[in-house]
*Asks:* 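Got a structure for you, questions after.
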Protein chains: 2
Amino acid sequence: MELYQEQGFDRTTAAEIAARAGVNERTFFRHFPDKREVLFDGEAELRTALMRAVAEAPEGLAPFEALLRAFRKSARNLADNRPFSDPRWKVIAVTPALRERELAKHASLTEAVAEALRRRGLGAGLADLAARTGWAAFQHAVQAWIADPARSLDAHLTQAFADLRALAVAALSTQAGPEH
Amino acid sequence: MELYQEQGFDRTTAAEIAARAGVNERTFFRHFPDKREVLFDGEAELRTALMRAVAEAPEGLAPFEALLRAFRKSARNLADNRPFSDPRWKVIAVTPALRERELAKHASLTEAVAEALRRRGLGAGLADLAARTGWAAFQHAVQAWIADPARSLDAHLTQAFADLRALAVAALSTQAGPEH
DNA sequence: AACGTGATGCCAGTCACTGACACAACGCGG
DNA sequence: CCGCGTTGTGTCAGTGACTGGCATCACGTT
C-alpha cells in the first residue's frame, strides 16, 4: 500500500514490494499469485460473512430483504474500516488493471450470494437474478455513499432498494419514473 | 480465434498470432493494445447501438421499459451472430483473464447506458441505479438463454424483467417470493 | 542424531509489452 | 516527374511479470 500510494500501481515493481517487505521477489510470488491480488486479500472472509448473513436472515423473508440485511452488515464493517480501506479505493479507482480485478471479485461474490439464496430454498433462476440485481443495487449505494458521505451507507442502501422497487413497478404501468 | 480455439488463450503467444496473420509481432501490438483486446473489438459499435436504442425509445416510457427495448435490439444481433460469437464465448468462459476483461467492458457499457438514460431526462442517481440493475437482469437473461436455448433470448429477457419486478414488490410486502 | 516439512533464496528462462529508429508505399502539390 | 509529409511496417533492445528447478535452512519429530 505504501508503494502503491507513493508512486502508483503501474510504476511499482514486484521487486520493490518484496524489498520493502524484506523478502525476495520470488517469495512475494509465493504468497500472492500476482501483483494485483495483494489488494484483494480479505475476499474469503467477506465471502463467508456475506453468505452467513444471508443464511441467518429470518426464514420467511423475501430474497431482497435477506440481501438487504446481509449488505447492511457488510456495510457496517465497510464504514468502520474506512480509514484503512479509503487509500485502497483511491489506488483501485485510478488503475484500470485493478478495477478489472475488483469486478472479477464482485462477480465471484455475487455467485456466492446466489448460492446462499439457493440454500434458503430459492430456485436457481431467481437466486441468480436476485443476486445479480441485488448486488448491482448494493454497488450503486456504495458509490452514492462515496460521493455523498454525509448520509450513512445504510441510508443509501435503503434508498437504493426502495428506488429499485419504484423503477420495477413503474416499468409495467408504463409511467415515467420520478426522480427523488 | 483459430489459435485460441486450438491451444487455448494462455498457451497462445502474441508472436504466434502475428505469424498466423502474416505480420510482425510489433505490428500486432500496434493494432491491439494487448492480447485480450482482440476478442473485444466490436465494443464501440455495441455501445453506440445501445445508446441509440435507449435514445430512440418513445418519450414517456419508464426507464426499465426503455432499457428492455434497447436490450431486445442488441439481443437480436446477438442471436443472429451466434455461430460467430459462440466459439468466442467458449474461449472467454474458460479463461479467467478474459472474463475479467469482459466484466470491464460490461461496466463501461453500463456507464454508457446510464448516460443514455440521463439524456432522456432521468436524474443521475436513478439513471445509475437503473443502468446497473437493468444490465444485471440483461446478463442474467443471456446466461439463462445460453443454458436453455430452446426459449428465445427475447423470452428470457421478458421473464427476467418480470421476475425482477416480482422480487422488488415482494421485498416490501415481506412475503417469500415464489419460484416459476 | 537422522529425518521430513515448510519457507526461503537464487538462477535461468518465457513472454507480454514498449520505445526508438529505419524503411517503404502512398497521395499530393509543385 | 520530383520532393515531401503521412502512414504502416520491420527490427532491435529493453523492462518487468511471472514460473520451474534446485539448494539451503529453520524447526519439530522420531
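Within every chain, numbering begins at 1; the chains are lettered A, B, ... in the order of the sequence lines, protein sequences first and strands thereafter. These numbers were taken from a predicted model, which means no experiment stands behind them.
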*Asks:* Let me know the distance between CZ of A:Phe32 and P of D:dC18, rounded to the nearest Å.
*Replies:*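 From A:Phe32 CZ to D:dC18 P: 13 Å.
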*Asks:* Does NZ or CZ of B:Arg82 come closer than 6.0 Å to the centre of the six-membered ring of B:Trp145, within 45° of the ring's axis?
*Replies:*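 Judged by the rule, B:Arg82 and B:Trp145 form a cation-pi pair.
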*Asks:* Toward the 5' end of DNA chain D, which comes first, B:Val23 or A:Arg26, by nearest nucleotide?
*Replies:*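 On the 5' side of the pair lies B:Val23.
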*Asks:* Under a 3.5 Å distance rule, please check whether B:Ser85 uses its side chain to pair with a backbone N or O of B:Arg88 as donor and acceptor.
*Replies:*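 A pair under 3.5 Å: no.
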*Asks:* Starting from C1' on D:dA23, measure out to CG on A:Asn24 and report it in whole angstrom.
*Replies:*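 From A:Asn24 CG to D:dA23 C1': 14 Å.
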*Asks:* Hey, is the main chain of A:Phe40 close enough, under 3.5 Å, to the side chain of A:Arg101 for a donor-acceptor pair?
*Replies:*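 The answer is no, because no donor-acceptor pair under 3.5 Å joins these two groups.
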*Asks:* Which heavy atom of B:Lys35 sits nearest to which heavy atom of B:Ala14, and what is that distance?
*Replies:*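 Scanning both residues completely, I find the closest heavy atoms to be CD-N, 4.3 Å.
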*Asks:* Out of A:Lys73, A:Arg72, A:Arg76, which one pairs with A:Asp154 under the salt bridge (charged side-chain N to carboxylate O under 4.0 Å, His left out) rule?
*Replies:*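 That would be A:Arg72.
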*Asks:* Expressed in angstrom and rounded to an integer, what is the separation of A:Phe28 atom CZ from D:dA17 atom P?
*Replies:*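 Those two atoms, CZ and P, are 9 Å apart.
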*Asks:* With a 4.0 Å cut-off on N to O distance, would you call B:Glu111 and B:Arg118 a salt bridge?
*Replies:*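 A salt bridge is present here (some side-chain N lies under 4.0 Å from a carboxylate O).
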*Asks:* In terms of the angle between their ring planes, are B:Phe71 and B:Trp135 parallel, tilted or perpendicular, with boundaries placed at 30° and 60°?
*Replies:*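 Perpendicular, since the angle between the ring planes exceeds 60°.
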*Asks:* How bent is the helix from C:dA1-D:dT30 to C:dG30-D:dC1, measuring the angle between the end axes built from five pairs each, rounded to 10°?
*Replies:*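 Roughly 0°, once rounded to the nearest ten degrees.
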*Asks:* Taking any atom closer than 4.0 angstrom to a non-hydrogen atom of chain A, what span of DNA chain C does the protein reach, first nucleotide to last?
*Replies:*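 Under 4.0 Å from chain A, the extent on DNA chain C is C:dT8 to C:dC10.
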*Asks:* In plain terms, say whether B:Lys105 and B:Glu37 are close enough for a salt bridge, that is, a side-chain N and a carboxylate O under 4.0 Å apart.
*Replies:*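 Looking at B:Lys105 and B:Glu37, the cut-off is met.
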*Asks:* Check the distance between D:dC12's C1' and B:Glu25's CD and give it to me in whole angstrom.
*Replies:*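 Going from B:Glu25 (CD) to D:dC12 (C1'), I get 12 Å.
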*Asks:* Taking CZ from A:Arg30 and P from D:dT24, how many angstroms apart are they, rounded to a whole number?
*Replies:*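 Those two atoms, CZ and P, are 15 Å apart.
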*Asks:* Rounded to whole Å, please give me the gap between CG in A:Asp10 and P in D:dG16.
*Replies:*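 Nearest whole value for this atom pair: 12 Å.
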*Asks:* May I have the distance from B:His31 (atom NE2) to D:dG8 (atom C1'), rounded to whole angstrom?
*Replies:*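 Spelled out: NE2 on B:His31 to C1' on D:dG8 is 7 Å.
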*Asks:* Taking B:Glu100 first and then A:Arg36, would you say they form a salt bridge - that is, a charged N and a carboxylate O separated by under 4.0 Å?
*Replies:*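 A salt bridge is present here (some side-chain N lies under 4.0 Å from a carboxylate O).
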